[in-house]
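Worksheet for the structure shown next.
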Amino acid sequence: VDDLAEVDYSLSSLPAIFQPFIDLDLKGMVFPAGNYTDSPYVAAPFTISYQSDSMLYLAFSEYFFQTSSFAYYTAGAFNMTIAEEVKPGNSLVFSLLFFFLQTCSYFNINTEIFGSIIPEVAKYSVTPYPVMLKLMATETPIISLEQDSFTVDIQGSMEVLAVLPDSSPQSLFTMNIAANTSISLNIFDQKLMGSLCLNRLQFSLAHSNVGFFKISLLENILSYILQTEVIPSVNAKLSKGFPLP
């Protein structure tokens with residue numbers, strides 16, 4: 001698949017040959033690159049309704065997406081640091097974070113800005129310093145398939161750090177993150193297109209070096225940035241579609 005994941009698409013049963021068509025059941029398990037391990041998920045059998053308008057029909061079960069999520073989580077793909085040197089990647093995750101970073105840069109996010117939202121940060125850091133964000137998934141993201149779309153439940157954390165003049169990071173506080181997103185999919189003009197929607201985003205204070213503070217105002221501001229800047233930018237890319245073979 002890429003440097004982080006590989007896929008086992010070996011036959012899981014003998015081909016079923018009928019007069020009008022052939023059925024091939026492929027395993028479709030994604031695993032961390034170079035580390036073939038059994039998946040914690042169980043593949044449920046499913047069938048494709050008979051159709052004859054096209055030469056080839058492909059169907060992917062929830063198992064394929066679950067093992068993909070587990071493989072990338074195990075490989076650490078959801079753990080990253082957002083700083084000025086981050087560049088846009090090809091994946092949706094990196095695109096989301098890159099657009100978030102662009103928005104932060106636009107507003108010149110630093111400890112002074114955080115201090116205007118969180119008085120405890122202003123007391124802790126009088127001199128304005130650049131801010132670094134460390135994000136990580138604390139559990140394997142849960143992917144659920146629905147009609148023409150799928151949802152993703154994400155449990156993670158975000159650590160906010162001040163970058164001192166000697167370039168050393170100093171942790172300010174860490175937040176737990178719970179998010180639910182949905183992506184609707186459709187095919188048009190031989191392209192796979194999508195639309196991302198943020199259904200729920202919740203923060204809670206996990207640890208603080210600046211003292212206890214209420215997270216609600218920061219949660220509202222970050223939600224606003226995601227809804228008005230990040231999500232529309234990502235959807236603009238998704239609307240262009242991905243060519244299908």
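This is a predicted model, so every value here is computed, not measured.
Here the straight-line distance linking atom CG of Asn79 with atom OH of Tyr73 works out to 7.5 Å at 0.5 Å rounding. Taking CG of Leu217 as the start and CD1 of Ile118 as the end, the distance is 8.0 Å to the nearest 0.5 Å. For the atom pair OG1 of Thr181 and CG of Leu196, the computed distance is 5.5 Å after rounding to the nearest 0.5 Å. Atom CG of residue Leu135 and atom CE of residue Met80 lie 7.5 Å apart, to the nearest 0.5 angstrom. Between the CE atom of Met158 and the CE atom of Met136 there is a distance of 14.0 Å, given to the nearest 0.5 Å. Taking CG of Asn186 as the reference point, atom CE of Met193 lies at 7.0 Å (rounded to 0.5 Å).
With a 4.5 Å cut-off on side-chain heavy atoms, Leu218 and Phe114 count as touching. Side-chain contact between Leu226 and Leu201: present, with at least one pair of heavy atoms (C-beta onward) separated by less than 4.5 Å. Annotation: side chain of Asp153 is in contact with side chain of Arg200 (closest heavy-atom distance under 4.5 Å). For the pair Val160 and Leu133, the minimum side-chain heavy-atom distance is below 4.5 Å. Here the side chains of Ile143 and Phe150 are in contact, with some heavy-atom distance below 4.5 Å. Between Ile154 and Ile177 the shortest side-chain heavy-atom distance does not fall below 4.5 Å. Using a 4.5 Å heavy-atom threshold, the side chains of Met175 and Ile215 count as touching. By the 4.5 Å heavy-atom criterion applied to side chains, Pro165 and Tyr129 are counted as neighbours.
When all heavy atoms of Ala162 and Thr111 are compared, the pair lying nearest together is CB-CG2, 3.7 Å. Across Cys197 and Asn199, no two heavy atoms sit closer than the pair SG-OD1, 3.4 Å. Closest approach of Leu164 to Gln170, counting heavy atoms only: CD2-OE1, 4.1 Å. When every heavy atom of Ser182 is checked against every heavy atom of Thr151, the shortest pair comes out as CB-CG2, 3.9 Å. For Ser144 against Glu62, the heavy-atom pair with the smallest separation is CA-OE2, 3.2 Å. Scanning both residues, Asn209 and His207, for their nearest heavy atoms gives OD1-NE2, 3.1 Å.
Without hydrogens or angle criteria, Glu219 side chain to Phe203 main chain gives a donor-acceptor distance under 3.5 Å. Judged by distance alone, the side chain of Thr228 and the main-chain N or O of Tyr224 form a donor-acceptor pair under 3.5 Å. For Thr81 (side chain) and Lys134 (main-chain N/O), no donor-acceptor pair under 3.5 Å exists by modelled atom type. Within the 3.5 Å criterion, the main-chain N or O of Ser184 finds no donor-acceptor partner in the side chain of Ser195.
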- Task: Take Val152 and Asn180 through the test side chain to side chain contact (heavy atoms under 4.5 Å, CB included) and record every step on the way to the result.
- Result: CA-CA 6 Å; Val152 183; Asn180 176 275; over 6 Å; no

- Let me see the working for Ile117 and Ile221 under side chain to side chain contact (heavy atoms under 4.5 Å, CB included), right down to the final yes or no. CA-CA 9 Å; Ile117 304 170; Ile221 292 174; 3.5 Å; yes

- Task: Let me see the working for Thr67 and Ser69 under side chain to side chain contact (heavy atoms under 4.5 Å, CB included), right down to the final yes or no.
- Result: CA-CA 5 Å; Thr67 58; Ser69 178; over 6 Å; no

- Task: Decide side chain to side chain contact (heavy atoms under 4.5 Å, CB included) for Leu172 and Leu161; before the verdict, give the C-alpha distance in whole Å, the side-chain angles of both, and the deciding distance to 0.1 Å.
- Result: CA-CA 5 Å; Leu172 299 177; Leu161 305 97; 5.8 Å; no

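By the rule that hydrophobic residues join a cluster once side-chain heavy atoms approach within less than 4.5 Å of another member, Tyr124 and Leu205 end up as members of one cluster.
Note on ring orientation: taking the six-membered ring where Trp is involved, the planes of Phe173 and Phe213 are perpendicular (angle over 60°, cut-offs 30° and 60°).
Side-chain contact annotation: Glu159 with Ser171, donor-acceptor N/O pair under 3.5 Å present.
Counting heavy atoms of neighbouring residues, nucleotides and ligands inside a 6.0 Å radius, atom CD of Glu120 exceeds 12 of them.
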